[in-house]
Amino acid sequence: MIKGVDHIGIAVHSIDQALPFYMESLKCKWMGEEVVEAQKVKVVFLDAGNIKFELLEPTSESSPVATFLQKRGEGIHHIAIKVEDIQSRIDEIKEKGIEMIDHSPRVGAKGANIAFMHPKSTRGVLFELCEKKEDSHNG
Ligand code: ZN
């Protein structure tokens, strides 16, 4: 079912403050910025060669990412796995007794269909299933 790791989500207090490290020290390439209202986050995607980094900055104190930052501080927030036919993958995963946060896909950054697994079912890792509209090089 796994088509690869699409991106790693990284929670930061401020994208502006985090960017110089990624752009100037790691030399990532800028791919775009977007506000995902449903999750109350601003995201920036960075091209890191064979993978992308998704910087996540909460736009509201009620954002799940704000809660994450309060509890755990800045750092790796989630790993996004590329899948096709996301609803079937969700159903399969649930059949195996793994708890999903999202029982049906919702729209994430770049219009992708996404669904999160519950980290208590995955030994502490927040995995995001991610189905792209089309798997372009920039997508
Ligand atoms: Zn993500």
Side-chain angles (χ1 to χ4, degrees):
M1 77 174 245
I2 188 164
K3 296 274 168 195
V5 175
D6 184 75
H7 62 268
I8 296 175
I10 299 166
V12 298
H13 290 293
S14 161
I15 284 175
D16 286 346
Q17 285 174 26
L19 265 182
F21 168 73
Y22 288 94
M23 302 296 288
E24 290 157 29
S25 300
L26 295 187
K27 311 271 187 207
C28 293
K29 289 197 199 85
W30 175 270
M31 295 177 72
E33 179 181 307
E34 186 178 337
V35 172
V36 183
E37 295 291 350
Q39 290 164 80
K40 297 180 182 144
V41 285
K42 183 164 96 173
V43 307
V44 162
F45 276 98
L46 300 169
D47 183 344
N50 66 335
I51 201 168
K52 286 166 273 182
F53 296 138
E54 177 187 35
L55 302 183
L56 302 147
E57 176 191 312
T59 57
S60 156
E61 278 306 303
S62 61
S63 165
V65 174
T67 309
F68 177 92
L69 286 167
Q70 278 162 21
K71 281 195 199 155
R72 312 216 356 212
E74 292 186 308
I76 293 179
H77 178 263
H78 65 269
I79 297 175
I81 292 169
K82 249 185 268 189
V83 299
E84 288 171 351
D85 195 5
I86 190 168
Q87 186 64 62
S88 299
R89 299 291 82 74
I90 292 169
D91 294 342
E92 279 174 14
I93 285 164
K94 284 165 66 180
E95 277 168 25
K96 297 203 185 299
I98 294 172
E99 192 177 325
M100 295 293 301
I101 293 173
D102 301 301
H103 295 274
S104 55
R106 54 187 158 115
V107 177
K110 294 179 174 287
N113 288 322
I114 65 165
F116 284 99
M117 293 183 215
H118 201 295
K120 81 180 180 197
S121 283
T122 61
R123 299 179 185 274
V125 179
L126 180 57
F127 281 108
E128 172 191 328
L129 304 179
C130 179
E131 179 181 42
K132 298 292 174 60
K133 296 255 151 62
E134 57 183 48
D135 219 350
S136 72
H137 197 69
N138 294 321

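Indexing begins at 1, ligand by ligand and atom by atom, following the structure's order.
Side-chain contact annotation: Glu61 with Gln70, donor-acceptor N/O pair under 3.5 Å present. Judged purely by distance below 3.5 Å, without hydrogens or angles, the side chains of Glu54 and His78 pair a donor atom with an acceptor atom.
By the 4.5 Å heavy-atom criterion applied to side chains, Asp102 and Ile90 are not counted as neighbours. In this structure, Tyr22 and Ile10 have side chains that are in contact, with non-hydrogen atoms separated by less than 4.5 Å.
Within the coordination shell of the Zn ion (ligand 1), defined by N, O or S atoms under 2.8 Å, Cys130 is absent. Checking His77 against the Zn ion (ligand 1), every N/O/S atom stays at or beyond the 2.8 Å cut-off.
Distances from the Zn ion (ligand 1) to the N/O/S atoms of Glu54 are shortest for OE1. Checked against the Zn ion (ligand 1), the N, O or S atom of Glu128 at the shortest distance is OE1.
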